[in-house]
Amino acid sequence: MGNTTVPLSSITNNSLSLAASKPTRKLAPIEAPPFHLPSPLPSFPPGAEFAKGAIDLGGLQVRQVSTFTKVWAAHGGGSDDLGATFFQPSSLPDGFSPLGHYAQPNNRPLFGWLLVGRPTGLSDDALAKPSDYTLLWTSESSADLNQDGRGYFWLPTPPEGYRAVGLVVTGSPGKPSLDEVRCVRSDLTEEVENDEYVWSTDGFSVNASRPAVRGISAAGVPVGSFLARANNGITTNIACLKNKASDFTNAMPNLNQVEALMRAYAPRIYLHSDEEYLPSSVNWFFSNGALLYDRGNQSNSATPINPDGSNLPQGGSNDGAYWIDLPADDGQKDRIVKGDISSTKVYLHVKPMLGATFTDVAIWIFYPFNGPARAKVEFLNVKLGRIGEHVGDWEHMTLRISNLTGELRRVYFSEHSAGRWVEASQAEFDGETNMPVGYASLHGHAMYAKPGLVLQGDAKLGIGIRNDTDKGSSVSTAGRWEVAAAEYLGVEEPPWVNYMREWGPKISYDIATELKNVERLLPGRLKKRFESIIGSLPDEVLGEEGPTGPKEKHNWAMDEA
C-alpha cells in the first residue's frame with residue numbers, strides 16, 4: 001500500500017459494521033488494518049523471544065491484536081475536525097482475554113494494536129473480571145455531533161487488589177458484559193499518563209495512553225488503549241501493565257536480529273540541495289585534524305585526537321574542562337567543516353523501551369559543523385550572521401519496533417532540542433521498501449518527516465528561524481552503520497561514546513549585536529517581536545554553547561523528549 005492514506009472516515013459500513021441500537025447485532029471484524037508497511041516484514045534469525053508473537057511479563061503473557069470491530073465513530077472535532085473511531089478487539093488468540101478498547105483519529109489510516117493477556121506460571125489470578133462498570137460519558141447529549149449512532153464510554157470497576165487498564169465503548173446504553181474486558185492484578189501494573197491527542201468534544205477528551213515513567217530500565221508496558229476525561233467528577237484510575245519477568249530483556253533482538261532490522265528499516269536521510277556542511281564519520285573527523293583542548297593546560301596547546309577517540313577523557317560529566325575544536329590551519333579547517341559524505345556512518349544505540357516490549361534503535365548521525373541560521377520575518381528572509389554556527393553536531397532518528405512482531409511502529413525525528421514521533425502509517429518510505437525517509441534542515445540539520453519549511457518561532461506571525469528541507473543529496477544508512485551501544489547485549493562502546501564533554505567550543509559572539517544588524521532591515525512594528533522570539537529559542541538553536549555527544553543527551557537512557 002506504500003504511502004497511500006486511507007482516512008478512517010472513508011471506510012464504509014460494508015467493511016466496518018456499527019454497534020448501535022441492538023446489543024445482539026453481529027459485528028463484522030476488520031480482518032486486516034487498512035495500512036500496511038510497503039513490504040512484507042523481514043524474517044529474523046533465531047534467538048531469544050524476539051518477534052515470536054508473545055512475551056511473558058512475569059505472571060502474565062501478552063499477545064498483540066490488530067484486528068478490530070468498529071463500535072462507534074464521531075465525524076467532527078479532533079485532528080483536522082475529522083473525528084475519531086473507537087474499536088473493540090476481535091479474533092482473540094485462544095485463552096487470551098481483552099484488556100480494553102482502541103481509539104484512533106480519523107485523519108490517518110487505521111494502524112492500531114491492543115495487548116491481550118492470559119495468566120502464566122503456577123498462579124492463575126493475574127486477571128479478573130470487573131465487578132461493575134461506571135458510565136463515564138455518553139454522546140446522547142451531543143445533538144449537533146455528526147456521529148454513527150450513540151457512543152457510551154465505560155470505566156470498569158476492578159475487584160479489590162486489581163486495576164483496570166483500559167476503557168470500554170458500547171453503541172447502546174446497557175452496561176457491557178463483565179466478560180468484555182479483564183482487570184489486572186495490581187502488582188502487575190504501573191502508572192500511566194496521556195500520550196498523543198485523539199479527540200474531544202463538549203468537555204470530554206480522549207488521549208492515547210503511555211507509561212508515566214519510560215526509559216531503558218522502566219517496567220511500564222502500554223496496553224494500546226486510551227484514557228478519557230469528562231467534566232463529571234469521575235476519577236479514571238486507569239493503569240498500564242508492568243514487566244516483572246526475571247529476564248527483563250528476553251524479547252529484545254540479538255545482534256544478528258539487529259542486523260536484520262537494519263536491512264529492513266535503515267532510513268534514507270535527505271540533505272538540502274543547498275547544504276554546504278555535510279556529515280562524516282567520527283573517525284574521519286578525528287583523522288583530519290580535530291583537536292582536544294584541556295582547560296587545565298596552562299599552555300593552551302591542543303592535542304590531536306586519535307582516530308578511534310581513545311585519548312579522549314572518559315566518563316564524568318560536562319564540566320567544561322575539555323572541548324573539541326577544528327584544526328588551527330585555515331585550509332584544513334575549511335575542508336573539515338564541509339564534512340565528507342562518502343565517509344558517513346551512522347551509530348546505533350539499541351535499547352529496550354516500554355517495559356522491553358519495544359526496541360528503540362536510535363540512529364545517530366554526525367556533522368563536523370553547523371552553518372549559520374536564517375530567519376523569516378513575514379515576507380523577508382534574513383541571514384543571522386554567525387548565530388547557529390557550532391562545531392560537532394549530533395542529530396538522530398529513532399525507530400520504534402515491536403518486540404512481539406518485529407514491525408516498525410513509529411519513527412522519531414530530532415528537531416534541535418526537541419522532536420516528535422510519527423506513526424509508521426504517516427511516514428514517508430524509500431520507494432517500495434520499509435525504510436523510512438528523513439529530511440535534514442539546511443545548515444541546522446534538524447530532522448523532519450516531510451520536506452518543506454518549518455518555522456521555529458511564531459508561525460502565525462511568520463517570524464522565526466527557518467528550517468528548510470528538500471530532496472538534495474541523500475545518505476542511505478543501509479550498510480553504513482555500526483552498533484555503538486546496546487547495554488543489554490554488553491556491546492563494547494567506542495571511546496568517543498563515553499566522552500561526556502563538549503564536541504565543540506563555546507562560540508563567542510554578541511547575539512544582541514547580530515540581532516541589531518538584522519533589525520535595521522525590519523519595520524519598527526516587527527523589531528521587538530522578532531527579538532522576543534529569537535531570544536526565546538534554546539541555546540542549541542542559537543549555537544553559542546558547544547554541543548554534547550549522544551550519551552550526554554536525556555534521551556540516551558530515557559524516552560525521546
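These numbers come from the heavy atoms of this one structure, side chains and all, not from hydrogens, waters or symmetry mates.
Ring-centre distance between His349 and Trp364: not below the 6.0 Å cut-off. The distance between the ring centers of Tyr102 and Phe226 does not fall below 6.0 angstrom. Checked against the 6.0 Å centroid threshold, Trp72 and Trp199 count as a close aromatic pair.
In this structure a side-chain-to-backbone donor-acceptor pair under 3.5 Å is missing from Gln257 to Ala51. Under a 3.5 Å cut-off, the side chain of Asp80 and the backbone N or O of Leu82 do not form any donor-acceptor pair. Within the 3.5 Å criterion, the main-chain N or O of Ala446 finds a donor-acceptor partner in the side chain of Ser441. With hydrogens and angles disregarded, no donor-acceptor distance shorter than 3.5 Å links the side chain of Ser79 to the backbone of Asn106. Asn232 contributes a side-chain N or O that, together with a main-chain N or O of Leu136, makes up a donor-acceptor pair within less than 3.5 Å. Looking at Lys351, its side chain does come within 3.5 Å of a backbone N or O of Met558 through a donor-acceptor pair. With Ser225 contributing its side chain and Gly100 its backbone, the two residues share no donor-acceptor pair below 3.5 Å. In this structure, the side chain of Thr469 engages the main chain of Gly452 through a donor-acceptor pair within 3.5 Å. Judged by distance alone, with hydrogens and angles left aside, the side-chain atoms of Ser205 form no donor-acceptor pair with the main-chain N or O of Ser200 at under 3.5 Å. Between the side chain of Asp430 and the main chain of Thr433, no donor-acceptor pair closer than 3.5 Å is present.
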task = Kindly indicate, with the supporting measurements, whether the criterion side-chain contact (heavy atoms from CB on, under 4.5 Å) is fulfilled by Arg480 and Val475.
result = CA-CA 9 Å; Arg480 287 176 172 258; Val475 176; 4.0 Å; yes
ask   = Does the side-chain contact (heavy atoms from CB on, under 4.5 Å) test come out yes or no for Arg163 and Val184, once each step is laid out?
value = CA-CA 5 Å; Arg163 298 185 72 182; Val184 180; 5.9 Å; no
task = Please step through side-chain contact (heavy atoms from CB on, under 4.5 Å) for the pair Leu110 and Phe87, ending with a clear verdict.
result = CA-CA 11 Å; Leu110 178 59; Phe87 303 90; 3.8 Å; yes
message = Tyr347 vs Glu482, test: side-chain contact (heavy atoms from CB on, under 4.5 Å). Steps then yes/no.
response = CA-CA 5 Å; Tyr347 303 95; Glu482 70 173 71; 3.6 Å; yes
inquiry  = side-chain hydrogen bond (donor to acceptor under 3.5 Å, both in side chains) for Thr120 and Gln61? Distances and angles first, verdict last.
reply    = CA-CA 6 Å; Thr120 60; Gln61 186 183 56; over 6 Å; no
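Donor-acceptor pairing under 3.5 Å is lacking for the side chains of Ser402 and Glu407. There is no side-chain donor-acceptor pair under 3.5 Å between Asn403 and Thr357. Residues Thr69 and Gln88 bring no donor and acceptor atom of their side chains to less than 3.5 Å of each other. There is no side-chain donor-acceptor pair under 3.5 Å between Asp360 and Thr398. One side chain, His396 or Glu560, offers a donor N or O that lies under 3.5 Å from an acceptor on the other. If you check the side chains of Gln426 and Arg108, you find no donor sitting under 3.5 Å from an acceptor.
To the nearest 0.5 Å, atoms CG (Asp202) and CG (Asn231) are separated by 10.0 Å. A distance of 9.0 Å separates OH in Tyr265 from CG in Leu399, rounded to the nearest 0.5 Å. Interatomic distance, Ser217 OG to Phe248 CZ, rounded to the nearest 0.5 Å: 7.0 Å. The CE atom of Met252 sits 4.0 Å away from the OH atom of Tyr488 when rounded to the nearest 0.5 Å. Remark: Asn555 CG to Ile216 CD1 distance equals 11.5 Å, nearest 0.5 Å. Rounding to the nearest 0.5 Å gives a distance of 11.0 Å between CD of Gln104 and CZ of Phe86.
Smallest separation of non-hydrogen atoms from Val116 and Pro98: CG1-CA, 4.0 Å. Shown here for Pro352 and Thr249, the closest heavy-atom pair between the two residues is CG-CG2, 4.3 Å. Counting all heavy atoms, side chain and backbone alike, Val71 lies closest to Val169 at CG1-O, 3.3 Å. Here the shortest heavy-atom pairing between Ser414 and Glu395 reads OG-OE1, 3.1 Å. For Thr67 against Ser91, the heavy-atom pair with the smallest separation is OG1-CB, 3.5 Å. What you find for Leu261 and Pro253 is that their closest heavy atoms are CD1-CG, 4.1 Å.
Few gaps surround CZ on Arg63; more than 12 heavy atoms of other groups in view lie less than 6.0 Å from it. For CG of Asp144, the number of neighbouring non-hydrogen atoms (other residues, nucleotides, ligands) closer than 6.0 Å is 12 at most.
Side-chain contact between Asn434 and Leu408 is absent, with no heavy atoms from C-beta onward closer than 4.5 Å. Taking the side chain as every heavy atom from C-beta outward, Arg420 and Glu415 approach each other to under 4.5 Å. Counting heavy atoms from C-beta on, the side chains of Tyr448 and Val454 come closer than 4.5 Å. Here the side chains of Val411 and Met397 are in contact, with some heavy-atom distance below 4.5 Å. Residues Ile234 and Leu135 form no side-chain contact, since every pair of their non-hydrogen atoms from C-beta on lies 4.5 Å or further apart. Annotation: side chain of Leu60 is in contact with side chain of Leu241 (closest heavy-atom distance under 4.5 Å). Using a 4.5 Å heavy-atom threshold, the side chains of Cys240 and Pro211 count as touching. Proximity of Lys242 to Thr189: side-chain heavy atoms (C-beta onward) are nowhere separated by under 4.5 Å.
Listed by first and then second residue, the salt bridge (Lys or Arg N to Asp or Glu O under 4.0 Å) pairs that reach into residues 207-223 are Glu193-Arg210, Glu193-Arg214, Asp195-Arg210, Arg214-Asp559, sequence neighbours excluded.
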Going by atom type alone, with no hydrogens or angles, which donor-acceptor pairs under 3.5 Å involve a side-chain atom of residues 152-161 and a protein atom two or more places apart or on another chain?
residue: Tyr152; atom: OH; partner: Glu140; partner atom: OE2; Å: 2.4
residue: Trp154; atom: NE1; partner: Thr170; partner atom: OG1; Å: 2.9
residue: Thr157; atom: OG1; partner: Asp132; partner atom: O; Å: 3.4

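The side chain to side chain donor-acceptor pair (under 3.5 Å) test with Tyr439 is passed by exactly one of Lys450, Arg268, Glu428: Glu428. Across Ser177, Pro176, Cys183, a single residue satisfies side chain to side chain contact (heavy atoms under 4.5 Å, CB included) together with Pro130, and that is Cys183.
Of the charged side-chain nitrogens involved, at least one lies within less than 4.0 Å of a carboxylate oxygen, so that Asp148 and Lys70 count as a salt-bridged pair. Note on Arg185 versus Asp187: salt bridge recorded, some NZ/NE/NH1/NH2 to OD/OE distance being below 4.0 Å.
Applying the salt bridge (charged side-chain N to carboxylate O under 4.0 Å, His left out) criterion to Arg263, with sequence neighbours excluded, gives Glu259.
The aromatic rings of Phe204 and Trp137 lie parallel to each other, with less than 30° between the two planes, well short of the 60° mark. Using a 30° and 60° split on the angle between ring planes, Phe50 and Phe44 fall in the perpendicular class, above 60°.
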